[in-house]
Amino acid sequence: MKKIINQPDQVVDDMLNGLAYAYDTIVSRVPGTTVIVRNLESDNRVGLISGGGSGHEPSHAGFVGKGMLSAAVAGQVFTSPTPDQILEGIKAADEGKGVFMIVKNYTGDVMNFDMAKELAELEDIDVDFVVVDDDIAVEDSTFTAGRRGVAGTVFMHKILGAAADAGASLQDIKTLAEKVNNSVYSIGLALSPATNPEVGKPGFELEENEIEFGIGIHGEPGYSRETLKPSKELAEEFVRKLKKEIGWTSGDRFAVLVNGMGATPLMEQFVFMNDLKTLLAGDEKLDLVFKKVGDYMTAIDMAGVSLTLLKIEDDAWIDHLNSPVEVIGW
Amino acid sequence: MKKIINQPDQVVDDMLNGLAYAYDTIVSRVPGTTVIVRNLESDNRVGLISGGGSGHEPSHAGFVGKGMLSAAVAGQVFTSPTPDQILEGIKAADEGKGVFMIVKNYTGDVMNFDMAKELAELEDIDVDFVVVDDDIAVEDSTFTAGRRGVAGTVFMHKILGAAADAGASLQDIKTLAEKVNNSVYSIGLALSPATNPEVGKPGFELEENEIEFGIGIHGEPGYSRETLKPSKELAEEFVRKLKKEIGWTSGDRFAVLVNGMGATPLMEQFVFMNDLKTLLAGDEKLDLVFKKVGDYMTAIDMAGVSLTLLKIEDDAWIDHLNSPVEVIGW
Amino acid sequence: MDKTEKWINWITHFTEVIIEHKDDLNGLDSAIGDGDHGSNMDRGVKAVKEKIDGADYDELTDLFKDIGMRLVSKVGGASGPLYGSAFISMAKAAKESQEPAVLLEAGLEGVVKRGKADPGEKTMVDVWHPVVNSVKEGSLTQSVIDDALESTKEMKATKGRASYLGERSIGHIDPGAQSSAYLFTTLLEAGVLDD
Amino acid sequence: MDKTEKWINWITHFTEVIIEHKDDLNGLDSAIGDGDHGSNMDRGVKAVKEKIDGADYDELTDLFKDIGMRLVSKVGGASGPLYGSAFISMAKAAKESQEPAVLLEAGLEGVVKRGKADPGEKTMVDVWHPVVNSVKEGSLTQSVIDDALESTKEMKATKGRASYLGERSIGHIDPGAQSSAYLFTTLLEAGVLDD
Ligand SMILES: Nc1ncnc2c1ncn2[C@@H]1O[C@H](COP(=O)(O)OP(=O)(O)O)[C@@H](O)[C@H]1O
Ligand SMILES: Nc1ncnc2c1ncn2[C@@H]1O[C@H](COP(=O)(O)OP(=O)(O)O)[C@@H](O)[C@H]1O
Ligand SMILES: [Mg+2]
Ligand SMILES: [Mg+2]
Ligand SMILES: [Mg+2]
Ligand SMILES: [Mg+2]
């Protein structure tokens, strides 16, 4: 393992301190917790928090700030944070109007956030949540723990963040979150595995010329291993899968996110976007009303990309995606 | 070579098309050229351009937009653009008040931008330039082509960009650029090499546990190969070298940039920042008035980090660093 | 030796066994999960140990509550809330009863309420469920535990992280089932069920 | 055969030799630079060939200008402006004279003005400089070229990308010196200097 770290079990602590220091104009670390909270005066908004295991940087602390999240809670690398920490996040975000939690659909995350909700309610804080499950690579939940929450979560952060800071109520945000979750679809692939610093070796193995389609952001298995193909063919596979799932017709409006997995340079992400342009805007005649390319929901140092499509069901979503923010990573 | 690309010799073309498409609200590609120009009405400002070989994304096109560069010119991967392309960039940036070029100190870049200046002058465009040479790993120019231009260039983009958009004259910008260049210092290290897609194999080799201090952003050799050390010790080496070069005293004000080389995740960059905090703000008692962490001047998929310190010689520089921009990568 | 002491001995013993088998549990989790179940449990039981070592417990409910809270706030992942809920649920039940069968059944209910797994989904429930039934019948033996554990091997996971593997989860023992097997083996050994 | 034709033959022949030795030049550049000198020159001479093939040139100045502009706009890196400047400088000189010695001296001046290298810095100047002197004296032979090329091997680079290697640049032939050696070997072979 070749990493710029100190003690592997201190990596989350060191990272949070480094982040909070580097961006002390935007965020602070709540002392004694793994919570990163924004430096904004309380103003009777609904608090909006997210979080999960570490290793997905800039998620989630990178989206804390004006116009997006109120706070983010970090767990150990690839491990859900515990309810007491999430409760600290809820408290840090609470401005008296309730707190909404954006949770990714992993058994651990769902249970820990759920317990935190119970704890918060004991302290008379209204808490509601959405469980994001955008990863179409996974079979339905009769056979699995359900679709995983992946890069689509970033669109959720942005849209709910804009709504919350514009004064939406907890109930409004819940309704909006469910709609967005029903309209967001993602799929990823890996060229090489991630190494969790606490584990010290790669989470899986791929041959020199092998890639895996459908991989999760913790290196969960995908649906097929194949030899590396040109970018254009990788894009075709993604579009084929997404089309089958979404069943769009030409003219449909989407927001699109090409997301790097951590070790894939922007050069490749832009090449990939160029191939998607031909397929989605060209062949499929979709109307891509919002686009973004970069590292947003990573898997430490995994090489690969994911594609997220959000079907625009409401014009306000476009405004929410475009509204200005003051955060580290958007 | 495991990369998400199509034809290796098409990578720059594909990438520029993908970038211009993804961010068509901010920039456009000048047809038939490798120039990315911002979508702003001409307004009698001094044009500001940068550029160089590709492979340093988000540099340079990622810094084109309101508040930063007017245009960027891309060469082949790790190869300076040619004078005719640079001339196209100059023309795209020209609003009648002259054009200023930010050039990194590599023989090829300097000569090609110099020829472009001559060509532009034939067309009656006033052109001036700065040659950024912030890489303190290199011996002085009696023995070498001089110090290389590396991540400090990004601060140059930001400060000059703010000044140009605020209405500074070509002469003012030249003076400012020279001052900034005399105050900016960088040093980098690599954990693993970059693979130029047109070459197809890594540019150098490092053992499983080996790192190289002082490496350049094209994989130029550094000053020492050592076994991997904890982040804290890597930070100490950087600080020691920079202190020797700059000769600061406590209380001195600096802007700091921790820059990822392309394949190093933010997790490690933030850990590294945390160690720098202890050394620079703690032990050395420097006043770090502006801080930034992330991938800004990369070397394709090289793993590693660099540290840039800009000694603040003028309060206006801090305002320039903080002023809002509309670009892809800042 | 009063009732509380036996339960404390149980947990102390469980702690030791988990610490001893940390790598084994990580190994089981590497095969079908993310390789951290041993590290997670190790972190949790160490925190429990730190809390209860030397402390005096007059009431079982206080003991279980402390255990549950420590597990919840230290283990993380899926197993933290599950084990935590088990003990918190046992703490509630202990206000009414000291009966092992009643307490353990409350524990199982806590796990199921939290994780919503049915028997046969290749989780810790596949150990908890038959064990609690046997305790209720007064017939828990080591071989009941062993058989329950072994039965998870041929199951296909449909809950938790292992479910993403589908068919490929078959042939491996479930890590949470293994840590639960340690829990009940140490329960037997501590003589909690004897009287 | 008139004068222009000989010069055209020279460049055509140079083009072929560069294309043939692309990988060799890349190899030399890998040792002390970034491994692209062959690719750069290959891209450039192909563009030159495309431009001059079948074209009619009455004036040497037009020929050299086209060559220079093509090299400048296609080669990139350090060698593009250097070779480009050489030919553009020769184009200017050709307005006044057709003398090989005068033209080549102008070419060398173009290289030096652009790159500011002195002899001994391990660059193409270490071939251009002795070659141009010999042409002026009417004594250019293949061994002058070979010796000049070989002399770069033991030099330490202090200009260009190879200078970052310091002492480690010693022991390798300079790639730009090698491409320049091809330039002058083909010049000899094309009989440009004969009359
Ligand atoms: N829904 C569930 N109900 C009961 N047990 C579960 C459930 N999901 C997972 N588990 C148990 O949790 C164990 C994994 O725990 P652990 O590795 O610590 O957490 P994570 O999966 O978050 O990394 C599994 O082996 C399984 O026994
Ligand atoms: N300042 C200079 N003057 C003369 N020749 C130079 C100078 N700098 C570099 N060169 C020549 O350029 C050659 C390298 O060219 P090339 O590899 O195409 O460009 P780059 O170094 O930009 O990759 C060197 O071998 C050397 O002969
Ligand atoms: Mg886990
Ligand atoms: Mg080059
Ligand atoms: Mg696990
Ligand atoms: Mg070269």
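We use all heavy atoms of the structure for the numbers below, so side chains are in, but hydrogens, waters and symmetry mates are not.
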Working to the nearest 0.5 angstrom, can you tell me the gap between [X] [atom1] and [Y] [atom2]?
{"X": "B:Ile4", "Y": "A:Thr264", "atom1": "CD1", "atom2": "OG1", "value": "5.0 Å"}
{"X": "B:Asn274", "Y": "A:Leu16", "atom1": "CG", "atom2": "CG", "value": "9.5 Å"}
{"X": "A:Asn17", "Y": "B:Phe270", "atom1": "CG", "atom2": "CZ", "value": "12.0 Å"}
{"X": "A:His56", "Y": "B:Leu266", "atom1": "NE2", "atom2": "CG", "value": "13.5 Å"}

Would the distance check show the side chain of [X] and the main-chain N or O of [Y] forming a donor-acceptor pair, the cut-off being under 3.5 Å?
{"X": "B:Glu268", "Y": "A:Lys3", "value": "no"}
{"X": "B:Asn6", "Y": "A:Ser231", "value": "yes"}
{"X": "A:Tyr23", "Y": "B:Val293", "value": "yes"}
{"X": "A:Lys2", "Y": "B:Glu210", "value": "yes"}

Over 12 foreign heavy atoms within 6.0 Å of [atom1], [X]:
{"X": "A:Lys229", "atom1": "NZ", "answer": "yes"}
{"X": "B:Lys291", "atom1": "NZ", "answer": "yes"}
{"X": "B:Lys232", "atom1": "NZ", "answer": "no"}

- A:Val271 versus B:Val11: any side-chain heavy-atom pair under 4.5 Å?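 Answer yes - side chains close enough.
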- A:Gly55 to B:Met267 - nearest heavy-atom pair and separation: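 Result for this residue pair: CA-CE, 3.6 Å.
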- Query: Relative to chain B, which segment of A:Leu191 carries a heavy atom at a distance below 4.5 Å: side chain, backbone, both, or neither?
  - Reply: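 Contact with chain B involves both backbone and side-chain atoms of A:Leu191.
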- Sort A:Asp275 into side chain, backbone, both or neither according to what part of it lies under 4.5 angstrom from a heavy atom of chain B.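 Only the side chain of A:Asp275 comes within 4.5 Å of chain B.
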- Task: Sort out for me which of B:Pro265, B:Gly260, B:Gly262, B:Pro197 touches chain A most, counting heavy-atom pairs under 4.5 Å.
- Result: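 Counting heavy-atom pairs under 4.5 Å, the top option is B:Pro265.
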Pick one of side chain, backbone, both or neither for [X], based on which atoms fall under 4.5 Å of a heavy atom in chain A.
{"X": "B:Gln7", "answer": "neither"}
{"X": "B:Asp13", "answer": "neither"}
{"X": "B:Val77", "answer": "side chain"}
{"X": "B:Met1", "answer": "backbone"}
{"X": "B:Leu19", "answer": "both"}
{"X": "B:Ile5", "answer": "both"}

